[in-house]
Amino acid sequence: MSELASLTTAWYDNNARDLPWRQPEIGAWPVLISEFMLQQTPVVRVLPVWREWVARWPAPADLAAEDSGEAIRAWGRLGYPRRAMRLHACATALVERHGGEVPRRLDQMLALPGVGDYTARAVLAFAYGQRHPVVDTNVRRVAARAVHGLPDAGAATTPADLTLVESLLPQAESAAARASAALMELGAVLCTARTPRCEACPLRDRCAWRRSGAALPAGPSRKPQRYAGTDRQVRGLLLAVLRHASGPVDKPSLDVVWPDPVQRERALDSLLADGLVVPRGQRFGLPGRVPADI
DNA sequence: CAACCGTGGCA
DNA sequence: TTGCCAAGGTT
């Protein structure tokens, strides 16, 4: 295996965070839940919600039996609530296509709703111990720095990223899966975007970036994403009203969240188009069966 | 393929 | 205080 992977894995052996979805017998479904929740959302915010979900819906069939609106409500404030709907759709697909199990083949994983290149390989590696290049933003940053001597990676994962990371992994399956977890952990804990802790890094004497001075990038690595005043903020405010309501709400209850009627209507329309909100006569609610007393 | 999709915390 | 960032996926 590459020196980079062996050094990182040795460091991981002594420094891995004790995250609940890393427990050996945790099962593929809880791992899949964690991967959905961790898409663009920090670990500390995922932890409590993940525990709730695993306790409430211990198998894909349990979630599939619920209304998708319950998934959206239980998603809470994790952000990007379309992920909740996709995870619900994913659970349904697992029941319909795979007997309620998480499949063990990459093509089957990639065909699931909300599962892309990263999530598919992450689940196969971490839940089943398979050998796949698991390339997320952390791994791409570690590779950009340690291998290429660059301060940060490009905007998106490329096929070259997968090829490179695959070449770094040990041949044995379980060792490769552990190396993948280690590379991610290094990027998440030490080799961070803004304030890397190179002194503590197992690659400090080998890292191409550090050897060349470890200059941080001048500007932002990604395109800056605004939030205040955007449709996303309005969508979030509208959905928060519905999450806290026990049933459908009337239009005035939604109108109070944002002053501009044009943007408010646009946001509501987009939520309806996404299926995150459904019309109930003159009211609006989360998707699901209508309570009998309404 | 660039844009879009939430939310909160920290430097 | 505020801009940047966080285990991406879809269109």
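A, B, ... follow the sequence lines: proteins, then strands. Residue 1 opens every chain. Computed from heavy atoms alone, side chains included, the values below leave out hydrogens, waters and symmetry copies.
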Tell me whether A:T9 contacts the main-chain N or O of A:S6 through its side chain, where contact means a donor paired with an acceptor under 3.5 Å. no

Tell me what A:L87 touches on the nucleic acid: a base, only sugar-phosphate, or nothing, going by heavy atoms under 4.0 Å. nothing

Atom CZ of residue position A:R17 - does it have more than 12 heavy atoms of other residues, nucleotides or ligands inside 6.0 Å? yes

Contact residues, residues 21-34 of chain A to DNA chain C [heavy atom, < 4.0 Å]: A:W21, A:R22

Taking only the C1' atom of each, what is the distance from B:dG6 to C:dC4 in whole angstrom? 15 Å

Greater than 12 external heavy atoms within 6.0 Å of A:E101's CD: no

Provide the closest heavy-atom pair for A:P20 versus A:W50 in the form atom of the first, atom of the second, distance. CB-CZ3, 3.4 Å

Quick check: does any side chain N or O of A:R140 sit under 3.5 Å from a backbone N or O of A:D161, one acting as donor and the other as acceptor? no

Evaluation steps, side chain to side chain donor-acceptor pair (under 3.5 Å), between A:E35 and A:Y118: CA-CA 9 Å; A:E35 294 300 342; A:Y118 163 75; 2.7 Å; yes

What verdict does the salt bridge (Lys or Arg N to Asp or Glu O under 4.0 Å) test give for A:R22 and A:E185, after you've listed the backbone C-alpha separation in whole Å, the side-chain angles of each residue and the deciding distance to 0.1 Å? CA-CA 12 Å; A:R22 286 179 176 166; A:E185 189 80 345; 2.6 Å; yes

Using only modelled atom types and a 3.5 angstrom limit, is any donor from either the side chain of A:T41 or the base of B:dG6 paired with an acceptor on the other? yes

Given atom CD of A:E35 and atom C1' of C:dG9, what is their separation to the nearest angstrom? 13 Å

In whole angstrom, what separates A:R226's CZ from C:dT2's P? 14 Å

With rounding to the closest Å, how many angstrom separate the C1' atoms on C:dT1 and B:dG8? 15 Å

Shorter than 3.5 Å, N or O on both sides, protein versus nucleotides 9-11 of chain B: list them out with atom names.
none

Between the main-chain N or O of A:W209 and the side-chain N or O of A:R145, is there a donor-acceptor pair closer than 3.5 Å? no

Specify the separation, in whole Å, of atom CG of A:L112 and atom C1' of C:dT10. 15 Å

Touch check for A:G79, heavy atoms < 4.0 angstrom, all strands: base, sugar-phosphate only, or nothing? base

A:D231 has a side chain; which of B:dC5, C:dA7, B:dG6 sits nearest to it? B:dC5

Do A:S180 and A:R121 meet the criterion of a side-chain donor-acceptor pair at a distance under 3.5 Å? no

5′-ward residue of the pair A:V43/A:L110 relative to DNA chain C: A:V43

Does A:Y227 reach a base, just sugar-phosphate, or nothing at all? Heavy atoms under 4.0 Å. base

Have a look at A:R235 and say if it touches a base, only the backbone sugar-phosphate, or nothing, with a 4.0 Å heavy-atom cut-off. sugar-phosphate

Rounded distance (Å) that lies between atom C1' of B:dG6 and atom CG of A:L276: 11 Å

Atom-to-atom span, CG of A:L78 to P of B:dG6 - whole angstrom: 13 Å

Return the value, rounded to whole Å, for the distance between atom CG of A:L183 and atom P of C:dA7. 14 Å

Determine the interatomic distance between P on B:dA3 and the same-named atom on C:dA7; round to the nearest Å. 23 Å

Quickly work out the A:M37 CE to C:dG9 P distance and round it to whole Å. 16 Å

Output the single nucleotide from C:dG9, C:dA7, B:dT7 whose closest atom is nearest the side chain of A:T119. C:dG9

C1' spacing across the pair C:dG8 / B:dC1, given as an integer number of angstrom: 15 Å

Checking all strands, does A:D274 fall into the base, sugar-phosphate, or nothing category for heavy-atom contacts under 4.0 angstrom? nothing

More than 12 heavy atoms of other residues, nucleotides or ligands under 6.0 Å from CZ of A:R197: yes or no? no

In whole angstrom, what separates A:R82's CZ from C:dG8's P? 16 Å

Just to be sure I understand the geometry, which residues of residues 7-15 of chain A put a non-hydrogen atom under 4.0 Å away from DNA chain C? none

Quick check: does any side chain N or O of A:R83 sit under 3.5 Å from a backbone N or O of A:Q39, one acting as donor and the other as acceptor? yes

Please classify the nucleic acid contact of A:R121 as base, sugar-phosphate, or nothing, using heavy-atom distances under 4.0 Å. nothing

Are more than 12 heavy atoms, taken from residues, nucleotides or ligands other than A:E199, located less than 6.0 Å from that residue's CD atom? yes

When you check the phosphate oxygens OP1 and OP2 of C:dG8, does a side-chain N or O of A:Q40 lie under 4.0 Å from one of them? yes

Within the side chain of A:W29, is there an N or O that forms a donor-acceptor pair under 3.5 Å with the backbone of A:W57? yes

Quick one: does A:R211's side chain have a donor or acceptor within less than 3.5 Å of a partner on A:D205's backbone? yes

Out of C:dA6, C:dG9, B:dG6, which nucleotide sits closest to the side chain of A:R141? C:dA6

Select base, sugar-phosphate, or nothing to describe what A:V46 touches, counting heavy atoms under 4.0 Å on all strands. nothing

What integer number of Å spans the C1' atoms of B:dG9 and C:dG9? 24 Å

